[in-house]
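Inspection log for the structure reproduced underneath, given as structure tokens.
Every chain is numbered from 1 and lettered A, B, ... according to where its sequence line falls, protein lines coming before strand lines. Nothing here was measured: the structure is a model prediction, and the numbers come from that model. Just so it is clear, the values below take in all heavy atoms, side chains as well, and ignore hydrogens, waters and symmetry mates.
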Amino acid sequence: MEVLKIATAGSVDDGKSTLIGRILYDTKSLTTDKLEAIEKTSKQRGYDYLDFSLATDGLVAEREQGITIDVAHIYFSTKKKSYIIADTPGHVEYTRNMVTGASTSQASIILIDARKGVIEQTNRHFFINNLLRIKDVVVAINKMDLVDYSEEVYNKIKADFSELMSKRDYQDQKITFIPVSALKGDNVVNKTDKMPWYKGEALLEHLEQLDKADIFNVGTPRFPVQYVIRPKTEEFHDYRGYAGKVYGGDLSVGDDIIVLPSKTRSKIKDIYFYDEKYETASRRSSVTITLENDINVSRGDMIVKEGDLPTIDKQFTANVCWMDTNELTPGGKYVVQHGINKVLAKVERINHKINPDYSGFEKGVTGLAINDIASVTFKLNKPIFYDQFKNHRTNGSFIIIDTQSNNTVGAGFIQ
Amino acid sequence: MKKDTSHINSLENEAIYIMREVAAQFEKPVLLFSGGKDSITLVRLAVKAFYPAKVPFPLMHIDTGHNFPETIEFRDRLVKELGLELIVRNVQDSIDEGKVKEESGRYASRNMLQTTTLLDAIEEFKFDACIGGARRDEEKARAKERIFSVRDDFGQWDEKNQRPELFDMLNGEIEHGQNVRVFPISNWTELDVWSYIEKENIEIPSIYFAHKRKVFLRDGMIWSADDEVVYRDDHEEVIEEMVRFRTVGDMSCTAAVLSEASTIDKVVEEIRDSTISERGARIDDKRSEAAMEKRKQQGYF
Ligand SMILES: Nc1nc2c(ncn2[C@@H]2O[C@H](COP(=O)(O)OP(=O)(O)O)[C@@H](O)[C@H]2O)c(=O)[nH]1
Ligand SMILES: [Mg+2]
């Protein structure tokens, strides 16, 4: 069965949690005990409707404050697809969690409160979705029940949003507008008769027919060696297997390969998945490969096909989403984790800050505050093997780790 | 050709990737083994991740002393067959040492007491990563867990301040004294686990399949009356029913469900059609409602 991973976005109170709860309810994915709990709590709070956000807001602090703090992953399936929806927080200070949810998603739903229209958070979230090159974006204009299901309101928001779209960097991103009411269930799972002027599909209908575009697998094969398997048993005395996940393209037995950074040449001898041998390792499979020659390969090395080298360099420039309350400043030292590979990095310079409302660049900045997005150049203590993010999602992205707190303080997309 | 088209295969590939990251990033990892289907699935994934080498970390069972005997038997056989290392630490010892106090009465359970024994064992062995079988679909708070979830020196989870986890990059950097809980099957649902058990033909303890058992009813749930572990009032009548367990934790807080599913394919079918969640294992079918009705009429409640 196909799996579609979707992230939600939108400002606080736009109705993200309610929308997901509504989808669960209308697809009959809520089990009786969970539904009873929602009914009970809604009644206790004196609501005359079911508060579906209770289905996803699981932390005590979240239920108390009625907000989403952290990403929740919600699972449900239809006859056609399995879905994983990341319910992400809307507050500006939790943007890092929104980026987390979006980083592994194939599609995203940006919610807009019909009464408020396009606001700063809409810009920011759309910008991040575009930066992450999410292929399909649904703009769900929510709370239509509160604006009399008005076509004018819908058209106005659509026009405002289209202005943002014209400025986006990744133009191939597909964008679909749907007017909904998460609370009442209009155009969520079922098409409503309240908005006859809207000729498109309901939200779930639309999601059902999205192809499971494998955005993680565009590019050429890259095989970062995760772990060296040396059983040292009698039966497998000379066995030296390189365990890892294949990214970007397939690898096959007999392929001429190069091991980085040593640039040693060899050929793929066998491909194992557990105790079975395969001719080909497809993208995203966690296999173990053996090579024809006995060469020295260790964790962090990368096996690539001959004639298909990534960039090997001790310096790169990337768009960075900064996620820490401590500023990133030129000269700052961090650990850069590129895939499984960790290197020491120094901030060479901040080239410019990018305004997420597409109003342009800001030059001459001396530091990045939390949630800033900027072009940053790093110098490394040893070379890494990378591709541009636009050509290779996995080999073109990295995280930044603070050497003091060990926290993940930023994410980057190599230019 | 090794295909990644099906859902379950991609979950398996992801979990194997996580197992290997644990082995590579930590010095003393351990796999927390409860004897339940989730941890049996973890063992299978660990074996596959490192084949033909041995699993490079031990299993650890925090034994509440209230386990179903079938589970313990099964555990010991599994460990022997796969040549794994097993560490057992007992909640009873923590009680005897006066570190925790046994609960008493109707709802007494050793479920909460486990934590102390676990934290002590982590300290004793200096484990820096504990692999667990929690899944995000189990419960709402669990839905928020990261795959690598950092615990401070007191074993606490700072849920509001979790590390962002982007793409599949796992940051296992920690301070001395901290440890990381790792959840390789985070993205699996209960049905995924069962489908995997079926696909891989994994052996699981017999109590997961429908069997005749002496039980009694309380608060709309079915409790095992086979042993002394579950407190039962005299008026709570023991009956015999065809039941199975959906989870096998501590006997004192694991309720059974009425079931005729005696084979794995029947279990998968049952889970697929189920209208209640695993954690809310309550009786929901007609038969049990009728049974309850009868009991009420007889004046039991
Ligand atoms: N009238 C109306 N209210 C809605 C709708 N969707 C959400 N709400 C309400 O808006 C508030 C915020 O919703 P919530 O789902 O928590 O927003 P989130 O912060 O984006 O997750 C709640 O009181 C919801 O009941 C809608 O379509 N119509
Ligand atoms: Mg919310």
_Looking only at heavy atoms and a cut-off of under 4.5 Å, which of A:Ser29, A:Ser252, A:Gly241, A:Ser286 has the most pairs with chain B?_
A:Ser286
_Engaged part of B:Arg272 at the chain A interface, taking heavy atoms whose separation is under 4.5 Å_ = neither
*At what distance, to the nearest 0.5 angstrom, does CD1 of A:Ile84 lie from CZ of B:Arg136?*
8.5 Å
*Quick one: CD1 on B:Ile18 to NZ on A:Lys245, what's the gap to the nearest 0.5 Å?*
7.5 Å
_Interface moiety of B:Ala15 toward chain A, non-hydrogen atoms closer than 4.5 Å_ = neither
*asked:* To check you understand the geometry: which heavy-atom pair defines the closest contact between B:Met169 and A:Ile399, and what is its length?
replied: SD-N, 3.8 Å
*Would you mind checking which part of B:Lys54 comes under 4.5 Å of any heavy atom in chain A, side chain (CB onward), backbone (N, CA, C, O), both or neither?*
neither
*asked:* I'd like to know which of A:Gln226, A:Lys277, A:Arg230 tops the heavy-atom pair count under 4.5 Å against chain B.
replied: A:Gln226
*Contact class of B:Leu170 relative to chain A, heavy atoms under 4.5 angstrom*: backbone
_For A:Ser397, which atoms come within 4.5 Å of any heavy atom of chain B: side chain, backbone, both, or neither?_
both
*asked:* To the closest 0.5 Å, what do you measure between OH (A:Tyr227) and CE (B:Met19)?
replied: 12.5 Å
*asked:* Tell me whether A:Arg299 is salt-bridged to B:Glu21, with the criterion being a basic N under 4.0 Å from an acidic carboxylate O.
replied: yes
*asked:* I want to check something: taking the side chain as every heavy atom from C-beta on, are B:Tyr51 and A:Thr288 in contact at a cut-off of under 4.5 Å?
replied: no
*Are B:Phe167 and A:Leu132 close enough that some pair of their side-chain heavy atoms sits under 4.5 Å apart?*
yes
*asked:* If I compare all heavy atoms of B:Gly172 with all of A:Lys342, which pair ends up nearest, and what's the gap?
replied: N-NZ, 4.3 Å
*Please report the closest heavy-atom contact between B:His7 and A:Ser82, naming both atoms and the distance.*
CD2-OG, 4.0 Å
_Can you tell me which portion of A:Ile229 sits under 4.5 Å from chain B's heavy atoms? Options are side chain, backbone, both or neither._
side chain
_Show the nearest heavy-atom pair for residues B:Pro52 and A:Pro231, with the distance to one decimal._
CG-CG, 3.6 Å
*Do the non-hydrogen side-chain atoms of B:Asp192 and A:Tyr75 ever get within less than 4.5 Å of each other?*
no
_Is there a side-chain contact between B:Glu173 and A:Gln337 in this structure, where contact means two heavy atoms from C-beta onward sitting under 4.5 Å apart?_
no
_Residue list, ring-ring contact (aromatic ring centres under 6.0 Å, His included) with A:Phe52, at least two apart or on another chain_ = A:Tyr25
*Sub-4.5 Å side-chain heavy-atom contact between A:Arg284 and B:Asp168*: yes
*Hey, what do you get for CE (A:Met323) to CG (B:Leu166), rounding to the nearest 0.5 Å?*
5.0 Å
Tell me which donor-acceptor pairs under 3.5 Å the side chains of residues 406-414 of chain A have, and how far apart each pair is, sequence neighbours excluded?
{"residue": "A:Asn407", "atom": "OD1", "partner": "B:Arg163", "partner atom": "NE", "Å": "3.4"}
{"residue": "A:Thr408", "atom": "OG1", "partner": "B:Asn171", "partner atom": "ND2", "Å": "2.9"}

*Atom group of A:Val99 that falls short of 4.5 Å from chain B, counting heavy atoms*: both
*Give the intermediate values and the outcome of side chain to side chain contact (heavy atoms under 4.5 Å, CB included) for residues A:Phe273 and B:Asn13.*
CA-CA 10 Å; A:Phe273 184 78; B:Asn13 280 309; 3.4 Å; yes
